[in-house]
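Only one structure is covered here, and it is reproduced in the block below.
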Amino acid sequence: MSVRVLTGTDVRNITAELSVEFLQSLMEDVFALISSPESGTAYLPHRISIPMENHTALFMPARISTMGTAMKVVSVPSNSDDKRGLPASTLVLDKHTGAVKAIVNARSLTALRNAAGSLLSTTLIGPISPTRIVAFGAGEQVLAHLDLHFQAFPSVKSCTIVNRSINDRLSSITSQLADKHPSVNLSVLAYDAFNVTSESSARLRSYLSNADIIITATPSHLPLFPSSWVRSGTHVILIGSYTPQMKEVDTDLIMRAIPTSFHNDETNETHSPILLVDSISACLVEAGEIIEAGIKPSQVVEIGKFVLDKREHVRSNWRKFHPKSKGVANDFVGPITIFKSVGVGLQDVAIAYAVVDKAEEKERSNAKGTMGVVVLDFDA
């Protein structure tokens with residue numbers, strides 16, 4: 001039995017060849033499965049947490065019957081000052097033998113599958129032609145989110161990346177994005193929500209008030225900005241929080257995304273706000289912003305429901321059922337759209353198998369020889 005090992009570099013080289021359309025389609029399938037279990041069989045046990053000397057190890061097994069079975073292992077540093085990122089690997093099983101067929105470096109894969117899901121939300125309910133984006137954070141998540149959004153929306157002309165400090169990580173992702181997307185005007189801002197200065201506050205408020213899309217990918221336990229700085233019609237993507245104690249935005253902003261009306265196509269009324277999530281059951285117990293706001297299941301919509309609705313009306317003008325968000329000029333109290341994601345293990349299965357399948361495909365075509373390191377006699 002052979003085992004393929006794909007390093008971080010291998011993974012980046014492979015995923016660079018996966019189109020934005022493919023990644024969105026992959027996440028569509030996953031989210032549709034979450035929202036309509038009868039359409040396929042999926043297994044998603046609770047993750048296992050084990051404390052270590054300097055980390056908490058998380059074991060997250062999952063299975064999609066039409067794809068396969070995998071388990072991601074992530075180690076979360078106990079020290080918040082540890083800036084080395086999260087060590088992550090995914091074990092991919094062979095459906096015929098039950099043995100491990102691949103070990104995939106998942107550091108960048110987690111960010112990529114999250115970004116693909118977020119981009120899907122923008123495509124479904126966000127602005128049609130966004131021009132300005134503000135992103136919070138300086139890690140892989142922000143890099144992947146901005147890269148995919150820049151690819152999908154050539155209309156984006158400017159982007160501000162906000163971080164607690166101007167550090168090497170921020171400089172690195174800014175440089176990478178500038179090299180790949182020279183048409184986007186990139187700027188950075190040092191802003192610490194725990195130590196706000198009048199100058200940084202004024203600059204951030206100006207950036208946010210003109211943003212079409214806001215992306216937050218931080219481990220913050222304090223709202224990064226007040227609701228009153230966000231213009232109506234803005235699409236907000238919340239990625240950072242995954243525990244009840246974490247929160248990136250205030251309750252006022254969450255409540256502006258609670259649906260209060262439905263679009264009337266005949267009178268062309270403005271699209272109602274919507275609070276979109278990857279998984280209702282997960283977000284109601286893991287997302288600090290959702291928990292603090294006291295959100296009920298009836299007030300949120302799973303993104304998979306939108307995907308299923310899109311497929312149902314694929315032969316019609318689907319947008320007449322779910323038109324894009326329309327902002328109200330200079331209004332900072334009106335409706336917005338939000339996508340909150342805590343991440344779902346089925347996403348890890350889908351993206352890991354996509355990478356392994358691509359590696360095997362490239363190897364069969366002899367395009368670049370062996371992909372990764374293949375241990376031929378692993379059981380020997």
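Defined by atom type and a distance below 3.5 Å, a donor-acceptor pair is present between the side-chain atoms of Ser279 and Ser281.
Taken from CD1 in Ile237 to CD in Glu248, the straight-line distance is 11.5 Å, to the nearest 0.5 Å. Rounded to the nearest 0.5 Å, atoms CZ (Phe136) and CD1 (Ile215) are 11.0 Å apart. Note: Ile161 CD1 to Ser187 OG = 8.0 Å, rounded to the nearest 0.5 Å. Atoms OG1 and CG, from Thr337 and Leu275 in turn, are 10.0 Å apart once rounded to the nearest 0.5 Å.
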Distance-only criterion, 3.5 Å: show the donor-acceptor pairs between side-chain atoms of residues 297-306 and protein atoms not counting sequence neighbours.
{"from": "Gln299", "atom 1": "OE1", "to": "Lys296", "atom 2": "N", "distance (Å)": "2.9"}
{"from": "Glu302", "atom 1": "OE1", "to": "Ser35", "atom 2": "OG", "distance (Å)": "2.7"}
{"from": "Glu302", "atom 1": "OE2", "to": "Ile280", "atom 2": "N", "distance (Å)": "3.0"}
{"from": "Lys305", "atom 1": "NZ", "to": "Ser35", "atom 2": "O", "distance (Å)": "3.4"}

Distance-only donor-acceptor pairs under 3.5 Å for side chains of residues 338-359, two or more places apart:
{"from": "Lys340", "atom 1": "NZ", "to": "Ser241", "atom 2": "O", "distance (Å)": "2.9"}
{"from": "Lys340", "atom 1": "NZ", "to": "Ser241", "atom 2": "OG", "distance (Å)": "2.8"}
{"from": "Ser341", "atom 1": "OG", "to": "Asp278", "atom 2": "OD2", "distance (Å)": "2.9"}
{"from": "Ser341", "atom 1": "OG", "to": "Gly343", "atom 2": "N", "distance (Å)": "3.3"}
{"from": "Gln347", "atom 1": "OE1", "to": "Val344", "atom 2": "N", "distance (Å)": "2.9"}
{"from": "Gln347", "atom 1": "NE2", "to": "Arg113", "atom 2": "O", "distance (Å)": "3.4"}
{"from": "Asp348", "atom 1": "OD1", "to": "Lys72", "atom 2": "NZ", "distance (Å)": "3.1"}
{"from": "Asp348", "atom 1": "OD1", "to": "Arg113", "atom 2": "NE", "distance (Å)": "2.9"}
{"from": "Asp348", "atom 1": "OD1", "to": "Arg113", "atom 2": "NH2", "distance (Å)": "3.0"}
{"from": "Asp348", "atom 1": "OD2", "to": "Lys72", "atom 2": "NZ", "distance (Å)": "3.4"}
{"from": "Asp348", "atom 1": "OD2", "to": "Arg113", "atom 2": "NH2", "distance (Å)": "3.0"}
{"from": "Tyr353", "atom 1": "OH", "to": "Thr69", "atom 2": "N", "distance (Å)": "3.0"}
{"from": "Tyr353", "atom 1": "OH", "to": "Thr69", "atom 2": "O", "distance (Å)": "3.0"}
{"from": "Tyr353", "atom 1": "OH", "to": "Leu93", "atom 2": "O", "distance (Å)": "2.6"}

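For the pair Arg256 and Pro335, the minimum side-chain heavy-atom distance is 4.5 Å or more. Within the 4.5 Å cutoff, the side chain of Leu148 has heavy atoms near those of the Leu112 side chain. Residues Ile336 and Pro273 fail the side-chain proximity criterion, which asks for heavy atoms closer than 4.5 Å. Taking 4.5 Å as the limit, some side-chain heavy atom of Cys159 sits within range of a side-chain heavy atom of Leu146. For the pair Phe150 and Ile133, the minimum side-chain heavy-atom distance is below 4.5 Å. Between Met60 and Val74 there is a side-chain heavy-atom pair separated by less than 4.5 Å. Contact annotation: the side chain of Ser201 approaches that of Trp229 to within less than 4.5 Å [non-hydrogen atoms, C-beta and beyond]. Using a 4.5 Å heavy-atom cutoff, the side chains of Ile291 and Glu289 are not in contact.
Taking every heavy atom of both residues into account, Tyr242 and Arg47 meet most closely at O-NH2, 4.2 Å. Looking at every heavy atom in both residues, Leu208 comes nearest to Ile214 through CD2-CD1, 3.6 Å. When all heavy atoms are compared, the tightest approach of Ala152 to Leu119 is CB-CD1, 3.7 Å. For Ile173 against Gly139, the heavy-atom pair with the smallest separation is CG2-O, 4.2 Å. The two residues Met27 and Gly117 have their closest heavy-atom pair at CG-N, 3.8 Å. The shortest non-hydrogen separation linking Ser227 to Asp250 is N-OD2, 3.0 Å.
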Subject >> Step-by-step side-chain contact (heavy atoms from CB on, under 4.5 Å) determination, Leu58 to Ile48 >> reply: CA-CA 6 Å; Leu58 304 176; Ile48 300 171; over 6 Å; no
**OP:** Kindly determine whether Glu21 and Ser25 satisfy side-chain hydrogen bond (donor to acceptor under 3.5 Å, both in side chains), including the steps that lead there.
**Re:** CA-CA 6 Å; Glu21 293 77 16; Ser25 176; over 6 Å; no
**OP:** Assess whether side-chain contact (heavy atoms from CB on, under 4.5 Å) is satisfied between Arg132 and Lys157, documenting all intermediate values.
**Re:** CA-CA 6 Å; Arg132 301 180 183 89; Lys157 302 303 179 186; over 6 Å; no
**OP:** Given side-chain contact (heavy atoms from CB on, under 4.5 Å), test Ser365 with Glu361 step by step and report yes or no.
**Re:** CA-CA 6 Å; Ser365 67; Glu361 175 191 320; 5.7 Å; no
Original post:
For Ile34 and Val30, what are the C-alpha separation, side-chain angles and deciding distance, and is it a side-chain contact (heavy atoms from CB on, under 4.5 Å)?
Top reply: CA-CA 6 Å; Ile34 293 170; Val30 171; 4.1 Å; yes
**OP:** Apply side-chain hydrogen bond (donor to acceptor under 3.5 Å, both in side chains) to the pair Thr56 and Ser49, showing each step before the final yes or no.
**Re:** CA-CA 7 Å; Thr56 297; Ser49 174; 5.2 Å; no
Original post:
How far apart are the C-alpha atoms of Thr243 and Glu286, what are their side-chain angles, what is the distance that settles it, and do they pass the side-chain hydrogen bond (donor to acceptor under 3.5 Å, both in side chains) test?
Top reply: CA-CA 5 Å; Thr243 71; Glu286 296 180 8; over 6 Å; no
Subject >> Criterion side-chain hydrogen bond (donor to acceptor under 3.5 Å, both in side chains) on Asp212 and Thr131, from CA distance to verdict >> reply: CA-CA 7 Å; Asp212 300 302; Thr131 60; 3.0 Å; yes
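No continuous path of ILVMFWY side-chain contacts below 4.5 Å connects Met52 to Val73, so the two sit in separate hydrophobic clusters. Hydrophobic clustering places Leu177 together with Ile166 (ILVMFWY residues linked when any side-chain heavy atoms are closer than 4.5 Å, directly or through intermediates). Leu189 and Val196 fall within the same hydrophobic cluster, where Ile, Leu, Val, Met, Phe, Trp and Tyr residues are linked whenever their side-chain heavy atoms come under 4.5 Å apart, directly or through other members. Side-chain heavy atoms closer than 4.5 Å link hydrophobic residues (I, L, V, M, F, W, Y) into clusters, and following such links, possibly through other members, connects Phe22 to Ile64. Residue Met1 is not grouped with residue Val100 when hydrophobic side chains (ILVMFWY) are merged at heavy-atom distances under 4.5 angstrom, including chains of intermediate members.
Using a distance-only test at 3.5 Å, with no hydrogens or angles considered, no donor-acceptor pair links the side chain of Ser36 to the main chain of Leu33. Remark: side-chain polar atoms of Thr15 are paired, donor with acceptor, to backbone N or O of Arg12 under 3.5 angstrom. The main-chain N or O of Ala211 is found under 3.5 Å from a side-chain atom of Arg231 such that the two form a donor-acceptor pair. Not one N or O on the side chain of Asp377 forms a donor-acceptor pair closer than 3.5 Å with the backbone of Asp379. The backbone N or O of Arg205 sits less than 3.5 Å from a side-chain atom of Ser209, completing a donor-acceptor pair. No donor-acceptor pair under 3.5 Å is formed between the side chain of Glu28 and the backbone N or O of Val307.
For Thr174, the side-chain hydrogen bond (donor to acceptor under 3.5 Å, both in side chains) test picks out no residue, with sequence neighbours left out.
Under a cut-off of 6.0 angstrom, the local environment of CG in Asp168 is sparse, with at most 12 non-hydrogen atoms contributed by other residues, nucleotides or ligands.
Think of Val374 as one node in a network of Ile, Leu, Val, Met, Phe, Trp and Tyr side chains linked at under 4.5 Å; its network also takes in Leu376.
Within the structure, side chain to side chain donor-acceptor pair (under 3.5 Å) pairs that include any residue of residues 99-109 comprise Lys101-Glu360 (at least two apart or interchain). Applying the side chain to side chain donor-acceptor pair (under 3.5 Å) definition to pairs two or more places apart or across chains, those involving residues 143-153 are Ser118-His145, Thr122-His149, Asp147-Gln151, Asp147-Lys180, Asp147-His181.
Between Tyr191 and Phe225, the distance from one ring center to the other does not fall under 6.0 angstrom.
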